[in-house]
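Below is one structure; the comments refer to it alone.
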Amino acid sequence: MMSWLLWMVLSSLTGSPVLSGLAVLALVILVDRYTVGILPSPLRAIGRWQRASTLQRLLQSNPHDRRARYELADLWVRRGKYAAAVEVLKPNLEAGDDDVGTLFLLGVAYLGAGDAARGELLLDEAAKQEPGYQMGAVDLARGRFRLARGDTKGAVEALNRLREARQGTVEGRVMLAQALDKSGRDADAALMREEAWKEYVAAPGFQRRRERLWAWRARPSRPLAYGVALVAVLALGISVLSRVTAPEPSPDGYGFYDDPGMASDNE
C-alpha cells in the first residue's frame, strides 16, 4: 500500500509513471536489503534458473549423469519444488548412491512432497552415517517439517538437539519458540525468542545477514519500528517536494498566475 502511494506521488511529481515505478522498486529492494531481507537476489535467482535449464538439457541427452541429477535436485529443493526433486534424485538412490548427501537431500525432498515416512527414514539413515552432518542439518530439516505438519513434540525434540549442535543458530531458536507456543509453553517460547535475539546481536555480520529474517520474527516490533520511520521519512520527503514544485502566488495578490494580465481579464 505504501509502495502504491509512493508511486502515485512520484508519478504526479515527475510525470513519468515508468521511471517512478523503477524508483519505487529500487527503494523497496534497498530497504529490504538493509532490514528484513526477505526478497531474493534477482541476479542469484536468474543464475539458478539458467543453471537448472542447463542441467535439464544435459539430462535429456544423458539421463545417467548422477552428478547433474543431484545438482538439479538441490536447485529444486531450494525453490520448493520437492516433488520434482524426488523424481530427479530417486534414480541415483536406486543406482546405489547411498552417501549421506544423497540420503539427506532426498529425505528433505520427500518431506517437502508430503511423504513424511520415507523422508524421516532417509534422514535417519543419513544421521547414522554422519550424526553431525552439516552441524545439525538433519535435525533442522526434521524440526522444520515436523512443525509444518503439526508434530510439535517431535519438532521440539529435533530443534533442541539442533541447539546443542549449532549453538549460534537463530533460525533454530525461533522455530523452537514457535513449536513451544503451539505446545502451550508460552513462557518458554518467550525466553527462546529473547535468546534468539541475543544470539543475532552477538553474531558476526555475515551470519546476521543470513538470519536477519529469523531475527525479525523473534522481535516483530523491530520491522514495525523501521516501517514507521520509513513512513515518516517518506511523508517528510513528499512534503518538501510538493513545496518545491508548487507554483508561487502572484505578487499582485490575485492568486496563482504566471501572467499578471490574466488577473485583469478575470475581473
Side-chain angles (χ1 to χ4, degrees), residues 32-40 77-78 80 82 100 103-105 107-229:
D32 175 80
R33 173 67 179 79
Y34 289 99
T35 54
V36 294
I38 61 175
L39 296 180
V77 165
R78 291 173 184 269
Y82 299 108
V100 63
L103 293 172
F104 172 76
L105 185 59
V108 171
Y110 269 118
L111 288 175
D115 193 339
R118 290 184 182 179
E120 290 279 359
L121 179 62
L122 287 168
L123 290 184
D124 287 342
E125 292 299 319
K128 288 179 183 178
Q129 285 194 25
E130 190 175 333
Y133 179 67
Q134 293 185 356
M135 296 181 63
V138 171
D139 282 318
L140 177 61
R142 282 171 171 161
R144 178 185 296 115
F145 287 103
R146 286 175 181 177
L147 183 60
R149 66 176 183 264
D151 181 7
T152 55
K153 181 179 179 181
V156 169
E157 292 175 355
L159 293 169
N160 271 322
R161 288 194 300 268
L162 173 66
R163 285 176 60 208
E164 298 176 0
R166 194 183 299 182
Q167 296 184 2
T169 178
V170 177
E171 178 184 5
R173 284 177 168 83
V174 173
M175 285 198 297
L176 179 55
Q178 294 171 350
L180 291 170
D181 267 333
K182 292 184 177 181
S183 300
R185 299 165 59 182
D186 298 343
D188 291 337
L191 290 174
M192 192 54 56
R193 288 192 179 90
E194 186 64 25
E195 185 177 315
W197 183 259
K198 290 179 179 178
E199 289 293 340
Y200 171 74
V201 172
F206 73 91
Q207 184 177 347
R208 287 200 299 270
R209 286 191 295 272
R210 187 174 63 245
E211 298 203 284
R212 185 178 292 130
L213 177 59
W214 291 102
W216 293 139
R217 290 177 178 176
R219 282 197 177 180
S221 60
R222 289 289 176 140
L224 180 61
Y226 276 106
V228 172

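Closest non-hydrogen pair, A179 versus V156, comes out as CB-CG2, 3.7 Å. Between A127 and V138 the shortest heavy-atom distance is CB-CG1, 4.3 Å. Nearest heavy atoms, V170 versus A215: CG1-N, 3.9 Å. Scanning all heavy atoms of the two residues, the minimum distance from A196 to V174 falls at CB-CG2, 3.9 Å. The two residues A177 and A189 come nearest to each other via the heavy atoms O-CB, 3.4 Å.
In this structure a side-chain-to-backbone donor-acceptor pair under 3.5 Å is missing from R118 to Y110. In terms of modelled atom types and a separation under 3.5 Å, the side chain of R146 and the main chain of D151 share no donor-acceptor contact. Side chain of Q129 to main chain of L103: no donor-acceptor pair is present (N/O by atom type, distance under 3.5 Å, no hydrogens or angles).
Using a 4.5 Å heavy-atom cutoff, the side chains of L159 and D139 are not in contact. Between V108 and F145 the shortest side-chain heavy-atom distance falls below 4.5 Å. Side-chain contact check for E171 versus R144: some heavy-atom pair is nearer than 4.5 Å. Between E194 and R219, some side-chain heavy-atom pair lies under the 4.5 Å cut-off. Looking at E199 and R163, their side chains never come closer than 4.5 Å, going by heavy atoms from C-beta outward. When side chains are defined from C-beta on, V77 counts as touching Y82, because their heavy atoms get closer than 4.5 Å.
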*Go through the steps to decide whether L122 and F104 satisfy the test side-chain contact (heavy atoms from CB on, under 4.5 Å), and finish with yes or no.*
CA-CA 7 Å; L122 287 168; F104 172 76; over 6 Å; no
*Do R166 and E211 pass the salt bridge (Lys or Arg N to Asp or Glu O under 4.0 Å) test, and can you show the C-alpha distance, the side-chain angles, and the key distance before you say yes or no?*
CA-CA 13 Å; R166 194 183 299 182; E211 298 203 284; over 6 Å; no
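Of the candidates Q134, M175, M135, R161, M175 is the only one forming a side-chain contact (heavy atoms from CB on, under 4.5 Å) with L140.
Atoms CD and CG, on Q167 and L162 in that order, are 10.5 Å from each other to the nearest 0.5 Å. Taken from CZ in R173 to CG in L180, the straight-line distance is 12.5 Å, to the nearest 0.5 Å. Atoms CG and CG, on L191 and L176 in that order, are 11.0 Å from each other to the nearest 0.5 Å. The CG atom of L147 sits 8.0 Å away from atom OG1 of T152, with the distance rounded to the nearest 0.5 Å.
E157 has no carboxylate O lying under 4.0 Å from a charged side-chain N of R142, or vice versa, which leaves the two without a salt bridge. A salt bridge does not link K198 to E195: none of the charged side-chain nitrogens sits closer than 4.0 Å to a carboxylate oxygen.
A tilted orientation is assigned to the rings of W216 and W197, their planes being inclined by 30° to 60°.
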